[in-house]
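Heads up: the structure comes next, in structure tokens.
Every chain is numbered from 1 and lettered A, B, ... according to where its sequence line falls, protein lines coming before strand lines.
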2 protein chains.
Amino acid sequence: MAVDLALERAVAMIRTISPNPNRANFGRCSACNVRSLSICGALDQADLAEFERIARHIHVTSNEALFTAGQIAHSVHNLTAGIARLYKLLPDGRRQIIGFALPGDFLGTAPSDRYGYSADAIGSVSVCRLSREAFTHFIAQRPHFLLRINEFAARELMLAQEQMLLLGRRTAEEKIASFLVGWRERLAHIGDERQTIALPMSRQDIADHLGLTIETVSRTLTRFEREKMLVIVAGGVRLLDATRATAMAAA
Amino acid sequence: MAVDLALERAVAMIRTISPNPNRANFGRCSACNVRSLSICGALDQADLAEFERIARHIHVTSNEALFTAGQIAHSVHNLTAGIARLYKLLPDGRRQIIGFALPGDFLGTAPSDRYGYSADAIGSVSVCRLSREAFTHFIAQRPHFLLRINEFAARELMLAQEQMLLLGRRTAEEKIASFLVGWRERLAHIGDERQTIALPMSRQDIADHLGLTIETVSRTLTRFEREKMLVIVAGGVRLLDATRATAMAAA
DNA sequence: CCAGCTGATTGATCCAGATCAAATTCGCCG
DNA sequence: CGGCGAATTTGATCTGGATCAATCAGCTGG
């Protein structure tokens, strides 16, 4: 499992899609490099200036919380760099990761005034944080923006429905293959397109996302490697037989 | 398992929340009895008249399809009476029911131009069907309506997230208890509030919703009955120990 | 009133994936 | 380098829920 340089570059790219996170507070929305991917892609210069006025740029380090399930939802968030794990816990500690948020993802679609899930950083993460109140006021008079938010909610819902199918009816092998193929697609969508798939989350995170144990995830990946479907590298996997993986994910 | 009269009335109520389904084509939106529950609750008289102009009232009988996954999504739907099963299939026939739609539910939040899941009737069902095109045009100039649709999408997303937790991390016993408690809440929300819970869907439907087999659903319900938590009646269950059921659903 | 059909229940057995238990490897810091 | 804690892999065993296989109960139509 040698260090993979292409992979390292891939991870670095996700991390720093915003060139200088430390100076995020001084960055302008109009120069934001995930704008076209995010809900802000629907805003013109004037809207952007107003959006920037109500947004705060926040930076959190690995495993720090962005917000916690059950707390009063004072803010909405727009991920600008890094990856977040979104999860729900049962009282006895069992965890379900309902998704991984990537740069451009909007975390704010909620029916109640409390967060329905928790979110924390995998590696360092930058977000735009807006007070719910200001955000509500902002969108009130901008129908096209609301339409954009709706598209994002619809995409999120579709992903959730796919995940229900995966969790309820797929085998361990199919779960892992689907996850790898789907994750690669999402990385491609944000501009990280290569055959080496970056997996910045831990095996435990993957297990909690797929409704498996860490041992099953590890064994299945090892078996895929034995069967020459992929190679496990530091921080990810290199897909050797994408056709087979896609077939497994579909079936 | 004697016939339960209260239960029969409960089922009848769901079926005929629109008093005379056969005359639905002549009903007016302004007299619609699920309006306040549905997205139309945000419309005033003028909007309603226009909405009615673009809506067609459709009636389908048991197991008929409303639409099918993969087809071009020409229409959006608003359920006015009855219950629909929403599901996804794998190529080999494995099925995941992603939800059951009740009167007032809106089926139209989708990110692509194709249906992401199939929907068909459990018993007879009435819907308002609108062409996607006309609907898109209708909402374009009505921001408050878009806001309402957003609330519905957010609620649907929250239910999907709960279901992911259930599918990924709960035991069979917890799945059944959660389902019963959650279903009772949803029935209460549409005005059917009683301790006897109507279950118009089959055991197979319940199994496919919870990621279980029909045998496990049956055995678990039988055990709950043996343990005096509930009584199985024709078309549903009567909850005897709601406290215990709620505890199981939470834990 | 009964034959036949469909859906539900019950019983016996099996197995995919969980659990328990060590290694082994990796990342990091002195 | 070398040592140490955390993450991952690997191995042995167990088990919750699946699968296979009969019944059984309700309806429906004759």
Side-chain angles (χ1 to χ4, degrees), chain A residues 1-4 7-8 11 61-63 85 90 92-96 122-123 166-177 179 199-227 230-237 248, chain B residues 1-4 7-8 11 62-63 85 90 92-96 122-123 166-179 199-227 230-237 248:
Chain A
M1 208 199 286
V3 171
D4 186 296
L7 199 270
E8 274 194 356
V11 172
T61 59
S62 203
N63 296 317
R85 76 172 70 83
L90 287 171
D92 65 1
R94 279 174 288 172
R95 184 177 69 157
Q96 178 65 37
I122 296 175
L166 178 147
L167 290 168
R169 288 301 183 219
R170 294 177 116 104
T171 65
E173 168 178 295
E174 290 165 355
K175 284 177 177 181
I176 306 274
F179 170 67
L199 297 175
M201 70 292 285
S202 71
R203 295 287 187 268
Q204 186 63 64
D205 286 341
I206 297 174
D208 286 347
H209 185 44
L210 304 180
L212 297 171
T213 59
I214 184 173
E215 292 94 331
T216 299
V217 172
S218 181
R219 270 187 252 274
T220 306
L221 283 174
T222 305
R223 183 160 59 79
F224 285 170
E225 187 171 42
R226 241 191 345 260
E227 295 169 353
L230 50 76
V231 184
I232 299 170
V233 298
V237 299
M248 262 188 198
Chain B
M1 208 199 287
V3 172
D4 185 294
L7 200 269
E8 276 194 356
V11 173
S62 204
N63 297 317
R85 78 173 69 82
L90 288 172
D92 65 0
R94 281 174 287 172
R95 183 177 69 156
Q96 178 65 38
I122 296 175
L166 178 148
L167 290 168
R169 287 303 183 217
R170 293 177 118 103
T171 64
E173 169 177 298
E174 291 165 353
K175 284 176 177 181
I176 305 275
S178 298
F179 170 68
L199 297 176
M201 70 292 287
S202 71
R203 294 287 188 268
Q204 186 63 63
D205 286 342
I206 298 175
D208 286 346
H209 186 43
L210 303 180
L212 298 171
T213 58
I214 184 172
E215 292 95 331
T216 299
V217 171
S218 182
R219 272 186 250 273
T220 306
L221 283 173
T222 306
R223 183 160 61 77
F224 284 170
E225 187 170 43
R226 239 188 350 258
E227 295 169 351
L230 50 76
V231 184
I232 299 170
V233 297
V237 298
M248 260 188 199

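Between A/R226 atom CZ and D/dT9 atom C1' the separation is 11 Å, expressed in whole Å. For A/I206 and D/dT8, the CD1 to P distance is 8 Å, given to the nearest whole Å. Atom CD in A/E173 sits roughly 17 Å away from atom P in C/dC15 (whole-Å rounding). Straight-line distance from the CG atom of B/D208 to the P atom of C/dG7: 13 Å, rounded to whole Å. C/dT24 atom P lies 18 Å from atom CD1 of A/I232, rounded to whole Å. As rounded to whole Å, 15 Å separates atom P of C/dA18 from atom CZ of A/R95. For A/I176 and C/dG17, the CD1 to P distance is 10 Å, given to the nearest whole Å. In this entry the distance linking CZ of B/R223 with P of C/dG11 reads 14 Å, nearest Å.
Counting only heavy atoms from C-beta outward, the side chains of B/R95 and B/Q204 approach each other to under 4.5 Å. Contact check for A/Q96 versus A/D208: no side-chain heavy atoms found under the 4.5 Å cut-off.
B/S218 places no side-chain N or O within 3.5 Å of a backbone atom of B/I214 that could act as its donor or acceptor partner.
Here A/S218 reaches the OP1 or OP2 of D/dT9: one of its side-chain N or O atoms lies under 4.0 Å away. OP1 or OP2 of D/dT10 has at least one side-chain nitrogen or oxygen of A/T222 nearer than 4.0 Å.
No contact: A/L221 has no heavy atom under 4.0 Å from any strand. At a threshold of 4.0 angstrom between heavy atoms, the contacts of B/T213 include nucleobase atoms, whether or not backbone atoms are also involved.
Scanning all heavy atoms of the two residues, the minimum distance from A/R169 to A/E174 falls at O-OE1, 4.4 Å.
One can find a donor-acceptor pair under 3.5 Å joining the base of C/dT19 and the side-chain atoms of A/R219.
For B/R203, taking side-chain heavy atoms from C-beta onward, the closest of the listed nucleotides C/dT9, C/dA18, D/dT10 is C/dT9. Set against D/dT8, D/dC20, C/dT9, the side chain of A/I214 has D/dT8 as its closest nucleotide. For A/L212, the side-chain atoms get nearest to C/dA18 when compared with the rest of C/dA18, D/dG17, C/dA8.
Checked for salt-bridge contact, B/E215 and B/R219 miss the test: no charged N lies under 4.0 Å from a carboxylate O.
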